[in-house]
Amino acid sequence: MDEDWRLAGKAEVLRVRAVMTRSIRRFFLDQGFLECETPLRIPAPAPESYIDAVASGEWFLQTSPELCMKRLLAAGYPKIFQICKCFRAGERGAFHLPEFTMLEWYRTGTDYRTLMDDCEGLIAYAAGELGLGGAVSWQGKRVALLPPWERITVREAFDRYAGLSVEEALGRGCFDEIMVCKVEPHLGMERPVFLCEYPAELGALARVNAENPEVAERFELYIAGLELANAFSELTDAAEQRRRFEKASRDRRLQNCPAYPLPERFLTALSRMPPSAGIALGIDRLAMILADQATIDAVVAFTPESL
Amino acid sequence: MYTASDLRKGLRIKIDNDPYIVTEFNFVKPGKGQALYRCKLKNMMNGNQFERTFRSVDIFEAADMQEKKMQYLYQEEGKYCFMDNQNYEQVFLSADQVGEAQNFLLDNIEVEILFFEDRPLGISLPNFIDVVVTKADPWAKGDSVSGNTKPVTVQTGYQLQVPPFIEEGEKIRIDTRSGEYLTRVKG
């Protein structure tokens, strides 16, 4: 009886989530995107310094569908999207589940600025389908969705909110701490914010800017202080990507984190991939915003602890 | 020794030889960045509070405190009296030291009193306690599993939200760490 009561209490939030997911699909299908499904279980996740995969036999559960989706781009698919489960070991908190739902979409022949337009359109459309009008309210904060949303560089954000420069933060090895404690709480409070131009060394799978090689063409989307999405103008230089993977693998060894084999087939495909832009958006987090829920636990029927 | 991933609300750790208790805990992780553990800590000696952010590589010493099983006797003018049933010694804790545990102090309940260098500093409750509901609105049948809640008062005077099917006189289990309803206890 207690379990039925607990699950029944989530009915309205789960309804909002379902409407949201349906409107996301419709948004992309109407624009001619192909919905694709790639395997959850893969032999080699992208090595990243701070993302741990869950082992599944000799292979791993995906931490993101990125590698397989880019192989589709390389094969000539121009516009693809996917809604799927991703798994990241050890991530559990008010905004984190070790198994969560990701939306990823990719476009060839463009850069990350087009993805900003997509975000503006997508979230406004989903909010509209839910009857929320031109704004969302999350935990007492009202955020207007009318485009254009604010664009701010990481450099500007640190100067404005952190009281020290990006270089100082990187030099002292406290970039992540400053980001979480000083910068993020200010981002997207009145309008959603695209935090863009990350220091090149934090670019992961993003290409560096042609005019300013100090920064990577990467952005993160924030609404009401909550990080929702990470986007890149995709790196298409396979040799450079291999160097970054090798550096991430070295970082992982130094931290005594499990090593992953390099995703060789992805690296081979990358040399054929056209200029592209891609983005990963946390579906659970978007549901938190649209259903005005404080924790990720509230927007899923079952948490790992309840199984 | 603890690592940052062991941190949780209620954990007691030692920093600069003083015992601290974690009063709030959040796991955070900026995009592509490293896992961070944001904590509010309270110095158990002087009550000072502050915020700290730890990384997963950080390690902590457990605060070396003596725990003594004692029985709760009574409360008078903001002082809470506990007795050692072995030697009948009594100690007093302030409302601040008892903290949220005062919501769950059943008569004669056995708790752990924490001592640091012979000074009583705090109280450690069982994680779960069973209490009798002393005040509740009647259950409107038909509203069986709608997911709604209703407020009730339990025998310690504590008020909380419970499912509508809980009735006056029933026993329920509460998680003393969160203060939330867990389940109905039969019998």
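Throughout, protein chains are lettered first and strands after them, A, B, ... in sequence-line order, and every chain is numbered starting at 1.
Here the side chains of A:Q241 and A:L205 are in contact, with some heavy-atom distance below 4.5 Å.
When only modelled atom types and interatomic distance are considered, A:D176 and A:Y50 share no side-chain donor-acceptor pair under 3.5 Å. There is a side-chain donor-acceptor pair under 3.5 Å between A:S165 and A:E168.
Of the atoms belonging to A:E227, it is side-chain heavy atoms, and not backbone ones, that fall under 4.5 Å from chain B. Heavy-atom distances place no part of B:V57 under 4.5 Å from chain A, backbone and side chain included. If you measure heavy-atom distances from A:E3 to chain B, you find no contacts under 4.5 Å at all. Using a 4.5 Å cut-off between heavy atoms, B:T53 touches chain A through its side chain atoms alone. For A:A11, no part lies under 4.5 angstrom from a heavy atom of chain B. Of the atoms belonging to A:R92, it is backbone heavy atoms, and not side-chain ones, that fall under 4.5 Å from chain B.
By number of non-hydrogen pairs under 4.5 angstrom with chain B, the leading residue of A:E12, A:E220, A:M179 is A:E220. Of the residues considered (A:E91, A:K10, A:E184, A:R6), A:E91 shows the highest number of contacts with chain B, using heavy-atom pairs under 4.5 Å.
Enclosure of atom NZ in A:K182 is not indicated, since only 12 or fewer non-hydrogen atoms of other residues, nucleotides or ligands lie within 6.0 angstrom.
Note that B:R8 lies outside the cation-pi zone of B:F25, set by a 6.0 Å cut-off to the ring centre and a 45° limit from the axis. The cationic group of B:K68 lies under 6.0 Å from the six-membered ring centre of B:F115 and within 45° of the ring axis, placing it in a cation-pi geometry.
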